[in-house]
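Note sheet for the following structure.
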Amino acid sequence: QEPTAMADEAAEHSVQSVEQQLCTLITSSLRATVPDLDVEPMLEVSKPGFGDYQCNNAMSVFSRIRGSATNFRNPMAVGQAIANNLPQSNIIESISVAGPGYINITLSSNWIAQRIQDMLVCGIKTWAPILPVKRAVLDFSSPNIAKEMHVGHIRSTIIGDTLAHMFEFTNVEVLRRNHVGDWGTQFGMLIEFLFEQFPDWEDVGNQAVGDLQSFYKASKKRFDDDPDFKERARQAVVRLQAREDKYRAAWKKICQISRMEFDLVYKRLNVKLEEKGESFYNPYIPPVLEELTNKGLIVESKGARVIFVEDHPLIVIKQDGGFNYASTDLAALWYRLNVEKAEWIIYVTDVGQQRHFHMLFTAAKMAGWLPEQNGKKYPKASHVGFGLVLGSDGKRFRTRCSEVVRLVDLLDEAKARSKAQLIKRFTGNGQIADWTDDELDRTSEAIGYGAVKYSDLKNNRLTDYTFSFDQMLSDKGNTAVYLQYAHARICSIIRKASKDVEKLKMTGAITLGHPYERFLGLHLIQFTEVVEQACADLQPHRLCDYLYSLSLTFSKFYTNCQVVGSPEETSRLLLCEATGIIMRQCFHLLGITPVHKL
């Protein structure tokens with residue numbers, strides 16, 4: 001069977017999601033049914049037994065036309081008219097209207113099968129949704145120099161990386177920005193302490209400075225206890241800001257040591273970021289504040305310079321004349337809009353900073369940098385907030401000595417626990433001889449790191465979540481471990497069939513005769529709209545929900561439909577392959593390495 005014209009077109013660019021295609025048909029029908037009203041289509045996936053999708057426009061349309069000279073007596077009549085006016089389409093098998101005008105739409109099984117087949121031939125990229133922006137800035141992770149990356153940074157790093165993957169998949173150019181805290185008064189104390197501890201600091205290796213966390217604590221203690229040191233530290237800030245060579249060089253050395261520490265974490269998590277720290281925007285602050293002053297937005301208040309946002313002061317120059325977070329963030333926002341020309345700027349930080357970003361974005365609207373709510377949609381700025389990571393006691397997650405948990409240690413422990421579980425399992429079932437040390441190591445890394453990521457991402461990001469190795473490494477329920485086993489099982493079914501799947505894609509055909517085949521097929525084609533929705537509302541947990549329900553749907557299909565050795569073997573192998581492809585794509589978007597054998 002040759003791929004259809006749709007597949008040829010798909011090879012050139014993405015195809016619309018099923019939801020988008022149905023919305024186009026419904027919009028056309030609404031224009032014919034109620035030409036005087038401007039109505040957005042209301043469409044959702046149906047509950048089982050009521051078709052595949054449901055259009056719920058009838059009641060709201062009827063409430064808007066009620067009392068006017070209308071021929072419609074009730075919502076049911078409106079629903080019937082919308083159904084009758086739907087254009088002819090090969091997507092739809094049948095339509096029925098129920099209750100107060102709910103329009104139940106059943107998709108054509110042949111069309112579902114063909115859409116899956118086209119994806120198998122032309123590749124998963126053809127199922128990437130089409131977003132309304134071309135370039136986005138994602139500001140995430142952003143730890144502070146000279147401080148350890150701890151569990152608090154894990155959420156920003158993991159959520160930001162997944163959002164970046166999703167946008168990149170939809171062909172948006174993503175500028176992944178690490179807005180590290182590499183500037184500020186704390187550097188005076190660190191530089192002065194470096195000079196004191198290592199008089200030959202230029203020649204000592206980075207190892208000599210050693211653990212930056214301890215170095216930071218020791219310098220802070222010195223700063224708090226010794227007035228002379230405190231004064232020297234203050235002078236060091238002034239000299240650093242005046243760009244004196246010696247102080248700039250010391251600052252760079254401290255930043256470099258920190259970067260090496262951060263990179264240990266990024267390497268383990270396989271996260272790519274480009275650093276543009278706070279210091280990068282320093283030269284842009286004065287001209288940006290001048291622009292805002294000229295627009296009459298910056299005024300004097302209690303010795304400081306502020307922008308009044310909804311009657312609340314946003315301080316942009318402190319009483320001592322120094323700049324602060326707000327001045328840096330305004331300069332960074334200006335730069336991202338005017339130099340990097342981003343259409344969507346997304347900040348991934350804890351929910352506690354929500355108010356700061358609300359004030360920042362409102363100030364940008366007052367300046368005319370961002371459009372007002374009711375006007376153009378882009379460029380736009382969004383704050384992606386997230387809750388806390390809690391320990392089993394319900395408080396912030398810390399070690400026994402009430403220290404924050406180092407990210408490197410946490411990831412190493414996840415890998416070690418995962419490896420112990422695998423060895424126990426393979427020793428118990430006699431498979432340990434089939435595994436090399438290298439395979440075991442790579443698999444336990446994929447499962448361990450993947451478990452940490454997934455246990456974070458599967459929650460609505462705004463909620464706090466409890467960190468538990470036992471839960472995240474369980475092979476039961478909605479966990480990465482369960483999903484890795486489900487994926488490895490699909491790979492095993494395809495291997496056992498001993499067929500050339502690449503050849504089957506070109507020569508075989510998918511049929512959806514059995515209810516569980518159709519149920520799986522329908523689930524597969526909804527992948528595009530799930531990614532589309534997760535991008536639109538910046539909620540990665542939607543992808544996790546989809547991936548978990550896809551694996552459950554596949555499990556029901558496999559229980560009820562024999563694959564290898566059945567008359568439908570070719571079609572069912574292609575469904576297995578399509579499920580494997582979608583699962584791997586979900587894993588990739590979530591930053592998880594899929595495992596093919598377990």
Side-chain angles (χ1 to χ4, degrees), residues 125 128-129 131-145 149 152-183 255-256 258-281 284 328-329 331-350 353 357 360-361 378-386 407 411 449-450 452-453 456-457 461 531 534-540 543 585-593:
K125 271 302 259 186
L131 295 192
V133 294
K134 294 277 180 285
R135 182 181 294 163
V137 163
L138 256 156
D139 175 328
F140 65 103
S141 194
S142 309
N144 286 318
I145 293 289
M149 274 186 88
H153 294 112
I154 199 167
R155 297 209 74 181
S156 177
T157 307
I158 290 171
I159 294 166
D161 185 51
T162 290
L163 291 173
H165 279 306
M166 293 194 310
F167 277 82
E168 284 156 355
F169 175 60
T170 65
N171 299 311
V172 172
E173 182 191 354
V174 178
L175 308 180
R176 294 160 162 259
R177 293 287 174 259
N178 202 2
H179 189 85
V180 296
D182 65 353
W183 201 251
C255 290
Q256 187 49 41
S258 251
R259 244 174 239 127
M260 288 160 60
E261 301 250 330
F262 298 159
D263 285 344
L264 293 175
V265 173
Y266 296 140
K267 206 169 169 210
R268 279 171 173 76
L269 291 173
N270 193 21
V271 169
K272 309 272 187 296
L273 276 155
E274 187 184 339
E275 186 181 306
K276 271 193 167 62
E278 290 174 16
S279 64
F280 175 84
Y281 302 102
Y284 299 94
T328 305
D329 282 343
L333 183 55
W334 179 92
Y335 183 89
R336 288 161 177 179
L337 288 166
N338 294 286
V339 181
E340 294 180 323
K341 301 266 191 280
E343 295 159 275
W344 198 352
I345 301 158
I346 299 162
Y347 297 81
V348 187
T349 76
D350 67 277
Q353 295 187 47
F357 282 106
L360 181 74
F361 301 158
Y378 300 96
K380 76 171 175 178
S382 302
H383 176 236
V384 172
F386 53 81
L407 221 37
L411 293 168
Y449 297 170
V452 172
K453 289 184 178 188
D456 186 313
L457 292 165
R461 56 177 167 77
V531 177
C535 288
D537 59 15
L538 305 170
Q539 290 279 15
L543 198 59
Q585 189 59 43
C586 289
F587 281 138
H588 168 69
L589 297 178
L590 298 168
I592 296 171
T593 306

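Numbering starts at 1 and runs along the sequence shown.
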Got a sec, which residues hit side chain to side chain donor-acceptor pair (under 3.5 Å) with [X], two or more places apart in sequence or on another chain?
X	value
Q539	H541
N171	K125
S258	none
E168	R176

Donor-acceptor contact present, side-chain [X] to main-chain [Y], <3.5 Å:
X	Y	answer
E343	K134	yes
K453	L269	yes
T170	P129	no
R268	Y449	no

_For F262, ring pair (Phe, Tyr, Trp, His ring centres under 6.0 Å) partners two or more places apart_ =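 If we apply the ring pair (Phe, Tyr, Trp, His ring centres under 6.0 Å) test to F262, skipping adjacent residues, there are no hits.
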Partners of [X] by side chain to side chain contact (heavy atoms under 4.5 Å, CB included), sequence neighbours excluded?
X	value
S279	D182, W183, W251, N282
D350	Q353, F386
K276	R177, E274, F280, Y281, Y335, E340

_Using 30° and 60° as the class boundaries, would you call the ring planes of F361 and Y347 parallel, tilted or perpendicular?_
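Because their plane-to-plane angle lies in the 30° to 60° range, the rings of F361 and Y347 count as tilted.
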Atom pair [atom1]/[atom2] of [X] and [Y] - distance to nearest 0.5 Å:
X	Y	atom1	atom2	value
I159	I154	CD1	CD1	10.0 Å
L411	K267	CG	NZ	14.0 Å
S142	E275	OG	CD	9.5 Å

_Counterpart residues, salt bridge (Lys or Arg N to Asp or Glu O under 4.0 Å), relative to D329 (two or more places apart)_ =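 Residues passing salt bridge (Lys or Arg N to Asp or Glu O under 4.0 Å) with D329: none at all.
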